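The analysis underlying the following values was restricted to heavy atoms, covering all of them including side chains, and did not include hydrogens, waters or symmetry mates. A quick note: this is a predicted structure, and the numbers were derived from the prediction, not measured. Every chain is numbered from 1, with letters handed out A, B, ... down the list of sequences.
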Amino acid sequence: MTHISVKVDGTTYEDDVEPRLLLVHYLRDRLGLTGTPVGCDTSNCGACTVELDGAAVKSCTVLAVQADGSEVTTVQGLAHDGEWTGLQRAFHEQHALQCGFCTPGMIMAARDLLREHPHPTPDEVRQGLEGNLCRCTGYQNIVLAVLAASEQEVTA
Amino acid sequence: MIPPAFDYARPSSVDEAVRTLAGAGDEAKVLAGGQSLLPLMRLRLAYPELVVDVGRIPELRGVREDGDTLVIGAMTTHHDVIADPLVRRHAGLLAAATATVADPAVRHRGTLGGSLAHADPAADLPAVVLALDGELVAQGPGGRRTIPARGFFVDFLQSALAPDELLVEVRIPKADGWGFHYEKFHRVAQAYAIVGVAALVRRDNGQIAETRIGLTNMGATPLRASAAEHALSGAGDPDAVARAADSAAEGTRPARDTAASPEYRAHLARVLTKRAVLAAAGMG
Ligand SMILES: Cc1cc2nc3c(=O)[nH]c(=O)nc-3n(C[C@H](O)[C@H](O)[C@H](O)COP(=O)(O)OP(=O)(O)OC[C@H]3O[C@@H](n4cnc5c(N)ncnc54)[C@H](O)[C@@H]3O)c2cc1C
Ligand code: FES
Ligand code: FES
């Protein structure tokens with residue numbers, strides 16, 4: 001067991017974990033933050049994307065012990081007092097989801113994209129979301145939602 | 001899936017990391033960004049007894065100049081390599097090729113050193129560092145040694161590093177004045193290259209004076225397209241480049257897999273070499 005201290009969505013947790021515990025399982029199984037899903041076994045789908053010290057990462061490809069001393073933001077940490085961020089609203093308004101499985105990861109990856117390119121072109125949106133797979137929407141409305149959010153100059 | 005159980009060490013200096021590795025024999029694995037190692041462990045294709053996490057060793061990160069050479073710490077992430085002004089100015093090929101690796105989230109974690117130490121012939125950066133005539137600096141119990149990229153990639157997923165050696169930095173001669181291009185052929189987003197070609201071209205009086213070409217996924221290791229490099233000397237127009245690029249697959253032994261046959265890979269090497277050289281020479 002290894003002792004870790006991690007701040008997740010604003011709350012600091014102290015835990016003893018097995019080194020092999022993946023960050024995504026720590027979030028889901030230990031902390032009960034099931035808003036972050038697991039979609040694959042190969043680090044390809046991006047459904048598990050969270051922010052680690054402000055940068056998007058695939059939480060299935062990070063060990064919980066690697067997050068020791070760090071700050072994690074999940075999709076559940078975005079809304080404040082029940083109020084969605086502009087990016088979340090844009091996903092809702094543009095119908096950027098169907099089953100919703102990819103949505104937490106898409107939103108976290110899109111935040112990362114908007115930090116690096118506050119006013120992206122449609123092509124930059126597609127490149128920025130290249131690590132996130134969606135089996136329902138055909139991506140079109142996801143791209144529109146990200147573009148809409150960027151036009152509102154929401155910092156997400 | 002869940003990785004097999006292992007012991008975990010997080011040294012805070014290179015010396016401590018090397019001591020930890022030396023004490024563990026063959027059963028230890030270095031953990032850099034984890035973007036190749038953790039997927040392998042999750043699929044239970046790798047099961048080290050000890051994982052030595054070198055992610056918290058500040059001296060392994062960052063880019064500096066040493067005269068005519070760029071020195072890039074092994075733990076510098078793909079993301080930081082792409083953004084680094086020194087890399088962009090003096091080794092633009094590396095920045096451009098790194099931008100084609102995986103996706104933004106993987107690039108936040110994955111490192112240059114990890115990518116090279118992994119020695120996957122389908123990965124982009126080994127062929128790029130080979131084309132740039134880079135050198136790799138390793139530290140082991142006996143001190144430091146410098147390994148030219150030409151001698152570093154030994155076989156499929158096998159580098160010249162001993163189990164108790166840590167790759168500490170990558171030295172790249174500044175490629176000022178060279179045109180460059182990385183041409184990657186893959187079918188879907190974030191996929192590995194079926195074939196990739198890294199080209200550096202120096203022109204003189206409108207003609208190609210010198211070319212260096214690294215090939216991705218054309219054998220068990222990254223390769224230099226030596227015959228084509230030679231044939232390209234003196235090429236002054238796109239037809240001459242196309243003729244010279246016909247020898248790009250000479251001496252290669254590409255694999256057969258679900259993506260391509262060896263013959264198709266050889267065809268791609270020729271076509272992509274032509275495109276990469278034309279773009280690098282500004283003749284495209
Ligand atoms: C979805 C996905 C897509 C990808 N697509 C691409 C792609 O298109 N092109 C591409 O080139 N790569 C791709 N990659 C791989 C990615 O670039 C990895 O970052 C890289 O291969 C390994 O770097 P790492 O720092 O994560 O190393 P790790 O996974 O931590 O380590 C890899 C290996 O190198 C060893 N090692 C690492 N650092 C050192 C060191 N300093 N000294 C000694 N040994 C060391 C480790 O022990 C391990 O055996 C992809 C990965 C994923 C998950
Ligand atoms: S669960 Fe698919 S990338 Fe993490
Ligand atoms: S909405 Fe179903 S996977 Fe994207």
Among B:Asp7, B:Leu31, B:Leu43, B:Val51, the residue with the most heavy-atom pairs under 4.5 Å to chain A is B:Leu31
So, the part of A:Asp112 with a heavy atom under 4.5 Å from chain B: the answer is side chain
Donor-acceptor pair, side chain of B:His108 and main chain of A:Ala56, under 3.5 angstrom: yes
Highest number of heavy-atom pairs under 4.5 Å with chain B among A:Val62, A:Val38, A:Leu21, A:Thr49 belongs to A:Val62
So for atom CD, which belongs to A:Glu83, do other residues, nucleotides or ligands contribute more than 12 heavy atoms lying within a distance under 6.0 Å? no
Point to revise | A:Arg20 (side chain) donor-acceptor with B:Pro3 (main chain) under 3.5 angstrom | key: yes
Under 4.5 Å to a heavy atom of chain A? For B:Ala102 that would be backbone
For residues 67-82 of chain A against chain B, heavy atoms under 4.5 Å, the residues are A:Ala67, A:Asp68, A:Ser70
Whatever's closer than 4.5 Å to a heavy atom in chain A on B:Leu40 counts as neither
Near B:Arg44 CZ, under 6.0 Å, is it more than 12 heavy atoms from other residues, nucleotides or ligands?
yes
dist B:Arg109:CZ -> A:Thr61:OG1 (nearest 0.5 Å) comes out at 9.5 Å
- Does atom OH of B:Tyr47 have more than 12 heavy-atom neighbours from other groups under 6.0 Å away? no
If one checks every heavy atom of A:Glu18 against chain B at 4.5 Å, the contacting part turns out to be side chain
Chain B shares the most heavy-atom pairs under 4.5 Å, among A:Thr42, A:Leu52, A:Asn44, with A:Asn44
Among A:Gly46, A:Gly128, A:Ala109, A:Gly131, the residue with the most heavy-atom pairs under 4.5 Å to chain B is A:Gly131
Here the gap from B:Ile2 atom CD1 to A:Asp41 atom CG, rounded to the nearest 0.5 Å, amounts to 9.5 Å
Correct closest heavy-atom pair for B:Ala32 and A:Gln66 would be O-NE2, 4.0 Å
Do B:His79 and A:Glu116 have a side chain donor and acceptor closer than 3.5 Å? yes
The interface call for A:Cys40 against chain B, heavy-atom contacts under 4.5 Å, is backbone
Separation between CD (A:Gln127) and CG (B:Asp103), nearest 0.5 Å, reads 11.0 Å
d(A:Leu63 CG, B:Arg10 CZ) to nearest 0.5 Å is 10.5 Å
